[in-house]
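Reminder, nothing fancy here: chain letters follow the sequence lines and each chain counts from 1. Bear in mind the structure is a predicted one, so any value in this text is a computation, not a measurement.
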Amino acid sequence: MKADVSSSGPPLVELKGISKRYGDLLANDGIDLSIEPGEIHALLGENGAGKSTLVKILYGVIEPSAGEIRWEGRPVAIGSPVEARALGLGMVFQHFSLFDELTVAENIAVALSGEWNLATVRGKLGEISRTYGLALDADRAVWTLSAGERQRIEIVRCLLQNPRLLILDEPTSVLTPQEAEHLFATLDKLSADGCSILYISHKLEEVRRLCRRATILRAGRVVGTIDPRASTAREIAALMVGSEVGEIRTDAPHVPHGEILRVDHLDMPPAGLHGQALKDVNLVVRAGEVVGIAGVAGNGQSELFAALSGERLAERADAITIAGRACGTTGIDARRRLAAAFVPEERLGHAAAPTHRLSENTLISHAATEVSRSGFILLSAAKRLARTIIKSFDVRTPEGDPQARKLSGGNLQKFVIGREIIRKPKLLVVDQPTWGVDAGAARLIRQALVDLARDGSAVVVVSQDLDELFEVADQMAVIHQGSLSPLKPIGEWTKEAVGLEMLGVAQAQGGAHAV
Amino acid sequence: MRFELTPRTTVSPVARALAPVAAFIVSFLIAGFVIWLMGRSPIAAFDVYVLQPLSDPWSLQELLVKATPLALIAIGLSYCFRASLWNIGAEGQYVMGAILGSWLALKTHGTEAGFWVLPLMLVLGIVGGALYGLVPAFLKTRFGVNEILTSLMLVYVAQLTLDYLVRGPWRDPKGFNFPQSVTFDPSATLPPILESGRVHYGVFFAVIAVLVTAVILGRTLFGYRLKLTGDAPRAARFAGFNSRATTMAVFAISGGLAGLAGISEVSGQIGQLQPSISPGYGFTAITVAFLGRLNPLGILVAALVVALTFIGGESAQILLRLPLDLTQAFQGILLLCVLAADALVSYRIRLVTRGGGK
Ligand SMILES: Nc1ncnc2c1ncn2[C@@H]1O[C@H](COP(=O)(O)OP(=O)(O)OP(=O)(O)O)[C@@H](O)[C@H]1O
Ligand SMILES: [Mg+2]
C-alpha cells in the first residue's frame, strides 16, 4: 500500500484500474477515478460509454472483472448494495426500481433496513420533501405516478439514509427545469454538508452549473478529467464523442397538408384514484408537421398518450380520429393498422420487454407486418428487421441480437424509436423521445422526427424539455392538469409564455379551456 | 445475518443444462437419507423405486399409462403458467371432462350406437374441461376475482358432483349398490394400442399435444403473446394483446386438455365412472409443468419421471412397506431441488452479516 496521506486526507473513494468485461465487450477498461469529500463530481460520456456500468460496480450491483476500490484510503470489497449502503453510499438508478403496486411510503420502507417503519418513514418523508422541495404524497400508489414523480421517490429514498456519497445516474432527465433547479439547490446543500456526489448527466449546462471536476469516458476508458467551467458545453461534447455535435437541419419549410389526427372534446376519467383526468382536450395534427406538447410531469401526459395510443379507450369513437377513421373506441392494434405508431415514455417494461431479444421485441409493434404470416412468427425476418433498425439508428449493441436489458439506456431508446420510425407511420406519437440520450443520439432522434414530418407524416412529441420542443416543433400546446392549451405556431411562443401555461397561470385569462 | 441472492451477470449454458441432473442426484440423496432414517436400506429402495420399474415390461407400460394424463394436463397448464395465470384447478377440469364425456357413454349404453360415440365423447371431454376452466377465467376478467382461489375451490365442486352422480342418478342398478356406473360399451372405450396391453390411445394425444404446443409456443404470435404477457405485462398491453382474451384462451386450452385427460382415463383405463378417477393427477401435473420448466419436451420427460415415482411408490409400499405418502414427499423434494438448482444457476447466494463489508 502506498502510504501517503496528504494534508487534506485521502479521497473519500478511489477507483483503481476498474475493468468490466461482457463477453467480447470491455464495458469498462482500466478506469481510475477519485472523489474528494464534499465534491460534486461529474461522470460524462456518450450512450454506452460505460457510465452506468462503473457506478453499478461502485454500488456493488455488479462485480468488476478487475480493479480495486478504496474507501477513505482502505481497500474494500463491495459485494452487494447492502454493503454499499452500510459504507455510506446511496444511489439513484437510471431505470427505476420501484414496486408499482405499493405506495410511496411503502416503497421507501421496503428499501430501508433497520428500525424504519411506515410511520417514521411518513414523518421523515414529509420533512425531506419540504426541506428539499421534492413534493411527494406518501399514500399514492406508484403506478399512478409519472416518471418524474417516481424519480423523486428514488432520490428521497437515498436522502433518508444520510449517505456520504450519493450517486445519481441521470437524475434530471425527467425533471422539469424548476424541479431540476430545486434538485441542484439540494445537491449544493448536501455538498456543503460534506456529502460527496457522483453525478451522471447528458446535460452539459447543468454539469457546468454544479460540478468543478468531470471525468469523461469514451468506449469504456477515461479520456480526460477536466474542469467543466473552464470549457464550453460544445468542447466537452466534442471530447465525449470525439467529434463536434451539429445542429439539426429543418431546411425544408413546414408545409402542412391533410389532417391526420383529430382529438375532439376528449374526456377521460383518471386511471386510478390519483391519476389525472383529461378534460375536453382538442387537437388537430396535419401531415408534415411536428406538434409539441409541453408540460410538467404528471399533468396528464401519460393519460393523453394512453388515449392517443388506444391503451385506454375513449367513450366516443369520434373523440379520436386517425387518418379519417373515428377510432376512439378501438384498441392500439387497430390504430397501428391505420399506420399510426407510438413510443411510450418508459422504454424498459413498456416499450420493450427487458428479457426478450431485440428481434423478439420487434414483434411488439410489428406483429401484423412482415415479421409474421398467418399467425406464425418469421424469425429470420424479425432478426433482419432488428438488424436494420440497429444499423439505421446507430444502436450500439454488445452482441448481435442482445436482450433489451443489455443495451445502455440511450441505445435502447434509439432502438424503440427506430422500431416505429422504420414503419414509416402516417402518425407518430412519442412521449419523452430523448430521455437519457446523449447529445449525439438526441440529435439523431430529433433529426429523424423532423425528417419523418418533412416526408409527410404527422408527429406528436410530448416532452418536458422545452429546448427540445423549440428545436423540433412547428406548433406547440401546453398540458396542465389534464387540459390542453390551444395550439400555436412555435414562433408565437416564448419560453416565458410556455412557463406560465405550464404552471396554469395563463388559464385564468384563457377562458376557452378553463377548468 | 441473512442470505442474499444476487443475479449472475453471465450464466453458462452448460450449468443450465446440468442443473436438473444435479437436482435429481441431490433429491435422491435426500430421499435416501429419509428412507435410511426410517430404518430401510436406501439401496433397496432405489432398486424398488427406480431400477425395477425400468427393467420390467409390465411396469414400463404402467409408466406410460400414468405419464399420459400427467403430460396432457401439464402441457395445458404450461399455457397458463407462461402467461403468469395460476390455474390450480386442473383436477376439477379433469373430472368435469370425464363427467361430460361419460354422459354420452351412459346415454348410449346398450344401444346400437356406432363408431361415432368415442370421438364425440372425447370432444365432450374437451368441451367439459374447457368450459369448467373458463369459469375462473371469466370471474377473473369480469370481476377481478383471484383465479387461484376460484380454480382450486371448483375442484371440490367437481369432485362432489361426480360423487353425487355415481351414488345417485348414474349408479349401475345391477351394481350391488356400489357407487359406480355401468361398464362402458366397447364403442365407448378407448382401445389399447397393443391387443393385450394396457397402454391406450391416450398416449398419442399426449404426444400430439406436446408437438403442437412446441410449435405454438416457439413459432406463433399467440405463443409470443403468452410469453410477453408473463414477462412484461405492460409491454403486452402496448403490443395490443388483449389480456382478457389471453386469459380466456389459456384457461380454455388448459381446461380442455385436462378434460381430455379425464375422459381418456375413464374410457381407456377405468372403463366406468366411480367416485375417484384420479390419484391427484391434476395437482401433480403442476409439479410436472414446473419440473419441465414449462417447456413442452421438458414436460414430457418430467411426466415420465414423476410417473416413475408413482409406480415405484406403489411397489415400495408393497415390498418395503414404505408409506405411499413418501411418494408425494419425494415429488415435493424433487420439485424443490429443481427450482433451487435453477435459482442457483442464475443467482449467487451470499451470506450477509450485519454491517458487512467493513
Ligand atoms: N448485462 C449486460 N450484458 C452485456 N452487455 C452489457 C450489459 N450491460 C451493459 N452492457 C454493455 O456495456 C456497455 C456500457 O453500458 P452502460 O450501461 O454502462 O452505458 P452508459 O454509459 O450508462 O450509457 P447511457 O448513457 O446510454 O446510459 C454498453 O455497450 C452496453 O450495451
Ligand atoms: Mg447509463
Trainee: Check whether any side-chain heavy atom of B/R237 lies under 4.5 Å from a side-chain heavy atom of A/H350, and answer yes or no.
Mentor: no
Trainee: Does A/R312 make a cation-pi contact with B/F238, if we ask for NZ or CZ under 6.0 Å from the ring centre and within 45° of the axis?
Mentor: no
Trainee: What residue, out of B/A235, B/G240, B/G218, has the most heavy-atom pairs lying under 4.5 Å from chain A?
Mentor: B/A235
Trainee: Measuring heavy-atom distances to chain B, does A/S309 have an atom under 4.5 Å in its side chain, in its backbone, in both, or in neither?
Mentor: neither
Trainee: Heavy-atom distances under 4.5 Å only: say whether A/R335 touches chain B with side chain, backbone, both or neither.
Mentor: neither
Trainee: Rounded to the nearest 0.5 Å, what separation is found between the CG atom of A/L379 and the CZ atom of B/R219?
Mentor: 5.5 Å
Trainee: Taking CZ in A/F376 as the centre, count heavy atoms belonging to other residues, nucleotides or ligands within less than 6.0 Å. Is the count above 12?
Mentor: no
Trainee: About how many Å separate CG of A/L378 and CG of B/L221, when rounded to the nearest 0.5 Å?
Mentor: 9.0 Å
Trainee: Would you say the side-chain atoms of B/Y224 pair up with the backbone N or O of A/I377, donor to acceptor, closer than 3.5 Å?
Mentor: no
Trainee: Counting heavy-atom pairs closer than 4.5 Å to chain B, which one of A/G331, A/A306, A/G349, A/A353 comes out on top?
Mentor: A/G349
Trainee: Roughly how far apart are A/H356 NE2 and B/L228 CG, rounded to 0.5 Å?
Mentor: 5.5 Å
Trainee: Measuring from atom CZ of B/R225 to atom CD1 of A/I364, what distance do you get when rounded to the nearest 0.5 angstrom?
Mentor: 13.5 Å
Trainee: If you compare all heavy atoms of B/A232 against all heavy atoms of A/P354, which two are closest, and at what distance to 0.1 Å?
Mentor: CB-CD, 4.3 Å
Trainee: Do NZ/NE/NH1/NH2 and the carboxylate oxygens of B/R234 and A/E311 come within less than 4.0 Å?
Mentor: no
